[in-house]
Amino acid sequence: RDVDLISPYYVVKMAKDFEKKVKKYDFTGVAVNTLASELFSDYASSRYTDRSHAAGYNSEAIELLNTAVGGNVLANNANAYAFSWLSDIIEVPFDSNNSRILDETIPFYAIVLHGYKDFAGPNLNMSDDFETTVLQSIECGAGLSFEWIYGDNHLLKDTDFDSLYSINFAAWKEKAISTYEKVNAAVGSVQGQRITKHERLADKVYATTYENGTCVIVNYNKKAVSAAGQTVEARDFVVVKER
């Protein structure tokens, strides 16, 4: 579908206008989406803006929105220029493009953020591989993200949102609860803790260590493995305290 782009030159003005207009409402937060992740240029001579200028404008706009809603600002896959003004980030990358030239994938983004910002990876109900995404969330110490509607999935068929094919709340409720309980058991106690070490213990077996000494070992293999003195069942994890 067609998308109208707004010059980054104007985003600060628009954020100021928004700040004025929302004062009469009881806002609990705002999502800035691509404002925190995509940079555009404007080559018109009267408002020339390159990508470095755009990063500055976007950052200033997000700061204004942060003030307007009391600090609760959500973004998708945010870039570093926005970090200071965000409370939550979703769609955080856990993987690489797995190009054949790469030897190993390191969840660097998650390692940098953990202990400083709350974040989650891809929406689980839209993931191509639900189980793997859950294991990646555990490896990275991430929260869980779902995208739902209360109505039936078929309501979105042949609309601009027909790519959202699996977002019915009732169909996902019980699985979401059980998955949350499983992930919370693994990484709930380390929220707010920095990641101090991330290791590859064996093929498809990774350990993430936090500053309080907790270590989470994740096994992506289809069979149980022994690593770091622990037996980790197939497609599962173990939590080791003060390793």
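Only a predicted model underlies this, so the values are computations on that prediction, with no experimental measurement involved.
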Minimal non-hydrogen separation, Ser226 against Thr231, with atom names = OG-OG1, 3.8 Å
Distance, nearest 0.5 Å, that separates CG of Leu64 from NZ of Lys13 = 13.0 Å
Once the angle between the rings of Tyr48 and Tyr43 is folded into 0 to 90°, is it parallel (under 30°), tilted (30 to 60°) or perpendicular (over 60°)?
-> tilted
Identify, with sequence neighbours excluded, every residue that meets side-chain hydrogen bond (donor to acceptor under 3.5 Å, both in side chains) alongside Lys117.
-> none
Does a donor on one side chain sit under 3.5 Å from an acceptor on the other, for Ser145 and Asn123?
-> yes
Roughly how far, to the nearest 0.5 Å, is the OG atom of Ser163 from the CE atom of Met126?
-> 6.0 Å
Non-neighbouring partners of Asp162 that pass salt bridge (charged side-chain N to carboxylate O under 4.0 Å, His left out), sequence neighbours left out | none
Between Val22 and Ala68, which heavy-atom pair has the shortest distance, and what is it?
-> CG2-CB, 4.1 Å
Salt bridge (charged side-chain N to carboxylate O under 4.0 Å, His left out) involving Arg200 - partner list, sequence neighbours excluded = Glu104, Asp203
Look at the side chain of Asn168 and the backbone N and O of Trp148, then say whether any donor-acceptor pair between them is shorter than 3.5 Å.
-> no
One should read off an interatomic distance between Glu91 CD and Asn33 CG, to the nearest 0.5 angstrom, of 9.5 Å
Side-chain heavy atoms of Thr214 within contact of Thr209, under 4.5 Å = no
Flag the pair Thr179 / Val134 as yes when at least one side-chain heavy-atom distance between them is below 4.5 Å, and no otherwise.
-> yes
Verify, without hydrogens or angle tests, whether Trp172 (side chain) and Ser166 (backbone) share a donor-acceptor contact under 3.5 angstrom.
-> yes
Any donor and acceptor pair, going by atom type alone, linking the side chain of Ser127 with main-chain N or O of Leu124 inside 3.5 Å?
-> no
Are Leu74 and Val32 co-members of a hydrophobic cluster defined by side-chain heavy atoms under 4.5 Å apart?
-> no
Correct closest heavy-atom pair for Ala54 and Thr49 would be N-CG2, 3.7 Å
Across all chains, not counting sequence neighbours, the salt bridge (charged side-chain N to carboxylate O under 4.0 Å, His left out) partners of Asp42 are Arg47
Side chain of Asn58, backbone of Leu35: donor and acceptor closer than 3.5 Å?
-> yes
Determine whether Asp88 and Phe119 make a side-chain contact, defined as any pair of heavy atoms from C-beta on separated by less than 4.5 Å.
-> no
Does anything in residues 207-228 pair up under salt bridge (charged side-chain N to carboxylate O under 4.0 Å, His left out), and if so which pairs, sequence neighbours excluded?
-> Arg194-Glu211
Using modelled atom types only, decide if a donor and an acceptor are shared between the side chain of Asn125 and the backbone of Glu147 within a distance under 3.5 Å.
-> yes
For the residue pair His114 and Tyr210, establish whether any side-chain heavy-atom pair is separated by less than 4.5 Å.
-> yes
Looking only at atom types and distance, does a side-chain atom of Gln193 sit under 3.5 Å from a main-chain N or O of Asn212, one as donor and one as acceptor?
-> yes
Counting only N and O atoms by type, is there a donor-acceptor contact under 3.5 Å from the side chain of Asp152 to the main-chain atoms of His154?
-> no
Look at Asp17 together with Lys21 and state whether they make a salt bridge at an N to O cut-off of under 4.0 Å.
-> no
Go through the steps for Asn76 and Thr34 under the test side-chain contact (heavy atoms from CB on, under 4.5 Å), then give the verdict.
-> CA-CA 7 Å; Asn76 290 19; Thr34 57; over 6 Å; no
Close side-chain approach of Leu86 to Ile62, heavy-atom, < 4.5 Å = yes
Which residues satisfy the side-chain hydrogen bond (donor to acceptor under 3.5 Å, both in side chains) test with Asn221, sequence neighbours excluded?
-> Asn219
Determine whether Val112 and Ile195 fall in the same hydrophobic cluster, where Ile, Leu, Val, Met, Phe, Trp and Tyr are linked whenever their side-chain heavy atoms lie under 4.5 Å apart.
-> no
Using side-chain hydrogen bond (donor to acceptor under 3.5 Å, both in side chains) as the criterion, list what pairs up with Glu19, not counting sequence neighbours.
-> none
dist Tyr206:OH -> Ile106:CD1 (nearest 0.5 Å) comes out at 9.0 Å
Scan the side chains in residues 135-143 for donor-acceptor partners under 3.5 Å anywhere in the protein, sequence neighbours excluded, and list what turns up.
{"residue": "Ser137", "atom": "OG", "partner": "Thr133", "partner atom": "O", "Å": "2.9"}
{"residue": "Glu139", "atom": "OE1", "partner": "Tyr220", "partner atom": "OH", "Å": "2.5"}
{"residue": "Glu139", "atom": "OE2", "partner": "His198", "partner atom": "NE2", "Å": "2.7"}

Within 45° of the ring axis of Phe130 and under 6.0 Å from its six-membered ring centre, is that where the NZ or CZ of Lys175 lies?
-> yes
Cluster question for you: counting only ILVMFWY and a side-chain heavy-atom cut-off of under 4.5 Å, with indirect links fine, are Phe18 and Tyr9 together?
-> yes
Side-chain touch Phe83/Ile89, heavy atoms, less than 4.5 angstrom = yes
Counterpart residues, side-chain hydrogen bond (donor to acceptor under 3.5 Å, both in side chains), relative to Asp129 (two or more places apart) | Thr132
Hey, could you give me each pair passing side-chain hydrogen bond (donor to acceptor under 3.5 Å, both in side chains) that has a residue in residues 180-191? Not counting sequence neighbours.
-> Ser189-Lys241
Apply side-chain contact (heavy atoms from CB on, under 4.5 Å) to Val92 and Asn77, showing your working.
-> CA-CA 5 Å; Val92 166; Asn77 191 18; 5.9 Å; no
Residues Tyr57 and Pro8: closest non-hydrogen pair is CD1-O, 3.5 Å
Close side-chain approach of Gln230 and Val240, heavy atoms under 4.5 Å = yes
Measure across Tyr165 and Asn153 and return the closest heavy-atom pair with its distance rounded to 0.1 Å.
-> O-CG, 3.5 Å
Apart from Leu155 itself, which Ile, Leu, Val, Met, Phe, Trp or Tyr residues share its cluster (side-chain heavy atoms under 4.5 Å, direct or through members)?
-> none
Linking I/L/V/M/F/W/Y whenever any side-chain heavy atoms sit under 4.5 Å apart, do Val30 and Trp85 land together?
-> yes
For Glu63, what residues pass the salt bridge (charged side-chain N to carboxylate O under 4.0 Å, His left out) criterion, not counting sequence neighbours?
-> none
Closest non-hydrogen atom pair between Ser96 and Thr105, with its separation = OG-OG1, 2.8 Å
Decide whether Ile111 and Phe94 are clustered together by the hydrophobic rule: side chain heavy atoms of Ile, Leu, Val, Met, Phe, Trp, Tyr closer than 4.5 Å, transitively.
-> no
side-chain contact (heavy atoms from CB on, under 4.5 Å) between Val205 and Ile217, worked out | CA-CA 7 Å; Val205 182; Ile217 304 174; 3.9 Å; yes
Between CD1 of Ile149 and CZ of Phe169, what distance do you get to the nearest 0.5 Å?
-> 12.5 Å
